[in-house]
Protein chains: 2
Amino acid sequence: MDNTSLRVYGGVEGDDRRAERRTQLIEAGLDLLGSESDDVSLTVRGVCKQAGLTTRYFYESFTDRDALAIAVYDHVTDEIATTTLEAVAAAPADERAKIHAGLKNIVDIVADDPRRGRLLFSATLTNSLLLHRRVRSARLFASLLGEEARAFYGMSGSAALEPTSQFIVGGLAQTLTAWLDGTVELERHQIVDRCTEIFLAIADIRRSSREREA
Amino acid sequence: MDNTSLRVYGGVEGDDRRAERRTQLIEAGLDLLGSESDDVSLTVRGVCKQAGLTTRYFYESFTDRDALAIAVYDHVTDEIATTTLEAVAAAPADERAKIHAGLKNIVDIVADDPRRGRLLFSATLTNSLLLHRRVRSARLFASLLGEEARAFYGMSGSAALEPTSQFIVGGLAQTLTAWLDGTVELERHQIVDRCTEIFLAIADIRRSSREREA
DNA sequence: CATATCTGAAAACAAGCGTTTTCAGATATT
DNA sequence: AATATCTGAAAACGCTTGTTTTCAGATATG
């Protein structure tokens, strides 16, 4: 726990060795949590074996399995959130362009590292803590979408916003899941294009219902 | 295993006693798998306690936990599939009416028995076997939707059909999840209406893209 | 009544898990 | 060279699980 009296070992500073081991554990955790085979659970012995470390070092960096799972999840979601916001901001001030840029960034990340994709979207993930984390993320994403739409279309407090955002979030997750596991066979850009079209179509419901209200 | 030499006991036939215990186990399994608290897992001891039976009788009706989980899941999905198909068939030959009738039947069932709803849609279910079962169901449902749309709109083999169907299935599941756990606060009929609108909007993508193709 | 079966409760066994501790050898420090 | 720390491997403890077995008492059958 304490970092007092950490010697150099193997030519490496004590803090660096700890940080290195922590990184190895997070990477190994991502290997397991994002594994293609679904019946691998995140056990202390398992993640240490994957990391090439012994169990003693697990508790050097994490209090328990849950702490590691959270670290892995946040590691992935922080990156995806940051880059997606950047991509959306950098896109032209056009509805379709913004949505397309955001979706493209998400699809690129989960395609380049399928572990991340499965961690975020796999329908067969069994880790309870991560499933709850996902629910939180979905709520957050849905709420962001709702605000964005509200601002864009200048709606006040339309009650239809919330279920619609939830629908979009779930639909995207399901589509990417099916794409990642091979059920849907499309090129990367085709997935992005299709999802963009669906986003826009659902957004048009608001527009037309708003016109009806007016 | 064998039912030879089964006596009457407590005034009940041997086969009836077995069937009764089996029913109790399935009901108890649904209690646990559809529990509001997510950290209850389907253990033999747990389900027997819930059923008011002892572990000895578990193996009288099921070879292992997985067999019970499958029995519970199929018990629920069989009913929902049958009644939904009936509801759709009984509805007027109108696109909106068919979709509305099907959705209403699903929403009614999961609202009347939240255990069923959570078993089918909860985002925090951790039972690996059931999660795989869900994937299969989602694939089946998506494929049915695709065929229906193909027939309705007379499309040939549009590649956009599959991701779109997956999107709808996932969106519906997410919306119902959020509704069941209280994240989305709407009346029962409002959920049905909203989802119907979204269904139709996504179907309109096909229609308009088909018009573009023509 | 005597015998065979059924029932409920508990014990038993092996396996996997989280977590802590032990320990011999490798490496740095003085 | 002597001492303190770091490392990797393994053992240890207690708990939960799946699964099977034991056993005393309740109930039916001849």
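What you see is a predicted model; the values in this text were computed from it and never measured.
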Between [atom2] of [N] and [atom1] of [X], the distance in whole Å:
X        : N       : atom1 : atom2 : value
Leu53(A) : dA9(D)  : CG    : C1'   : 13 Å
Glu60(A) : dT19(C) : CD    : C1'   : 16 Å
Asp66(A) : dC17(C) : CG    : C1'   : 14 Å
Asp16(B) : dC6(C)  : CG    : P     : 14 Å
Tyr9(A)  : dA26(C) : OH    : P     : 9 Å
Arg18(A) : dT7(D)  : CZ    : C1'   : 13 Å
Lys49(B) : dA10(C) : NZ    : P     : 12 Å
Phe62(A) : dG18(C) : CZ    : C1'   : 16 Å

With nearest nucleotide decided by heavy atoms, which residue, Val12(B) or Thr43(B), maps closer to the 5′ end of DNA chain D?
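Per heavy-atom nearest nucleotide, the more 5' residue is Thr43(B).
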Mapping Leu42(B) and Gly11(B) to their closest nucleotides on DNA chain D, which lands nearer the 5' end?
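Result of the comparison: Leu42(B).
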Reckon [X] touches a base, only the sugar-phosphate, or nothing at all at heavy-atom distances under 4.0 Å?
X        : value
Arg45(B) : base
Tyr57(A) : base
Arg56(B) : base

Just verifying a value: how many Å separate Leu176(A) CG and Cys195(A) SG, rounded to the nearest 0.5 Å?
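Leu176(A) atom CG to Cys195(A) atom SG measures 6.0 Å (nearest 0.5 Å).
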Residue [X], side-chain heavy atoms: nucleotide from [options] that is nearest:
X        : options                  : result
Thr54(B) : dG18(C), dA28(C), dG8(C) : dG8(C)
Arg17(A) : dC6(D), dT19(C), dT20(D) : dC6(D)
Leu6(A)  : dT19(C), dC6(D), dA9(C)  : dC6(D)

Can a side chain N or O of Tyr59(B) be found less than 4.0 Å away from OP1 or OP2 on dT19(D)?
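Yes.
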Check whether any side-chain N or O of Arg65(B) sits under 4.0 Å from OP1 or OP2 of dT19(D), and answer yes or no.
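Negative; the distance criterion is not met.
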Side-chain donor-acceptor contact under 3.5 Å, Thr124(A) with Ser122(A):
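A pair is found: one side chain offers a donor N or O, the other an acceptor, under 3.5 Å apart.
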Residue pair Ser61(B) / Arg18(B), side-chain donor-acceptor N/O under 3.5 Å:
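Side-chain D/A pair, Ser61(B) to Arg18(B): absent.
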Is a donor-acceptor contact shorter than 3.5 angstrom present between the side chain of Arg7(B) and the base of dT5(C)?
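When only heavy-atom distances are counted, Arg7(B) does reach the base of dT5(C) through a donor-acceptor pair under 3.5 Å.
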Using the closest heavy atom to pick a nucleotide of DNA chain C for each, name whichever of Thr55(B) or Gly46(A) lands nearer the 5' end.
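So the residue in question is Thr55(B).
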Contact summary for Leu145(A) and Val169(A), nearest pair of heavy atoms:
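Distance-wise, the nearest heavy atoms are CD1-CG2, 4.3 Å.
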Cation-pi between Arg133(A) and Tyr73(A): NZ/CZ under 6.0 Å from ring centre and within 45° of the ring axis?
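Cation-pi check for Arg133(A) and Tyr73(A): fails.
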